[in-house]
Amino acid sequence: DVKVTQSSRYLVKRTGEKVFLECVQDMDHENMFWYRQDPGLGLRLIYFSYDVKMKEKGDIPEGYSVSREKKERFSLILESASTNQTSMYLCASSPSGAGTFGEQYFGPGTRLTVT
Amino acid sequence: AQTVTQSQPEMSVQEAETVTLSCTYDTSENNYYLFWYKQPPSRQMILVIRQEAYKQQNATENRFSVNFQKAAKSFSLKISDSQLGDTAMYFCAFMKYGGSQGNLIFGKGTKLSVKP
């Protein structure tokens, strides 16, 4: 089974702190994603990466950056946390290939609270 | 731009009954994929079922089946013989064929409660 793990289930940070969210997948997937999930808004893509050191902005990249130095690991960075970044953050990975388009494997999520 | 609409924020069903979750989408594309994802409480989101737009036959996975109406741009999920473990948020999602892997567009979700 594909396993996607996230470094923390719950995280509390103060406004202005630099925050790192880590995600690791063990299935050698090329693609990795960071989403933000808010009630009534569904999932919104922050960034995704299709290869090591490669990234593309999603729908809501402002205030976030990402890093992918190794294929299995994709980090989300909040440069200066703000209260409006309080949310559930979901990491996902997916293989490439026409037969697997859209099949993403999700981690358990990190619930981040910024106070 | 593509959009996905789930018009039922919450639904409930009695155990062992059948329930249908609605999803409509808007696109000018002819080739695309549609998905239903399930997010149980405090558990990871998983893919339930996938449909390729070029296939006329509706996809099925055990108790889960879809009613894909391409002309109407409708993609509903039917859950038969509902079980308590089906309680979850359900998200409908769209991806155009050949597009970027980052272009999986989710609806806002339907919260399904299965009652004993």
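To find a chain, count down the sequence lines: A is the first, B the second, and so on, and within it residues start at 1. As a basis for the values below, the full set of heavy atoms in this structure was taken, side chains included, without hydrogen atoms, waters or symmetry mates.
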Atom pair CZ (B/F106) and OH (A/Y35), whose distance is rounded to the nearest 0.5 Å: 4.5 Å

Gap separating the CD atom of B/Q39 from the CG atom of A/L90, nearest 0.5 angstrom: 6.0 Å

Part of A/Q37 lying under 4.5 Å from any heavy atom of chain B: side chain

Which portion of A/R9 sits near chain B, non-hydrogen atoms under 4.5 angstrom: side chain

Pick from A/G58, A/G109, A/G40 with the largest number of heavy-atom pairs that fall under 4.5 Å of chain B: A/G40

For [X], I'd like to know if atom [atom1] has over 12 heavy atoms of other residues, nucleotides or ligands within 6.0 Å.
X	atom1	answer
B/K70	NZ	yes
B/K78	NZ	no
A/R44	CZ	yes
B/K108	NZ	no
B/N62	CG	no
B/R43	CZ	no

Nearest atoms (heavy-atom pairs only) where A/V4 meets B/Q44: O-NE2, 3.7 Å

Donor-acceptor pair, side chain of B/Y33 and main chain of A/E103, under 3.5 angstrom: no

Residue part contacting chain A, namely of B/F94, when any heavy atom lies under 4.5 Å: neither

Proximity breakdown for B/Q6 and chain A, heavy-atom pairs closer than 4.5 Å: neither

Min side-chain heavy-atom separation B/L104-A/F48 under 4.5 Å: no

Within one Ile-Leu-Val-Met-Phe-Trp-Tyr cluster: B/I79 and B/L84, side-chain cutoff 4.5 Å: yes

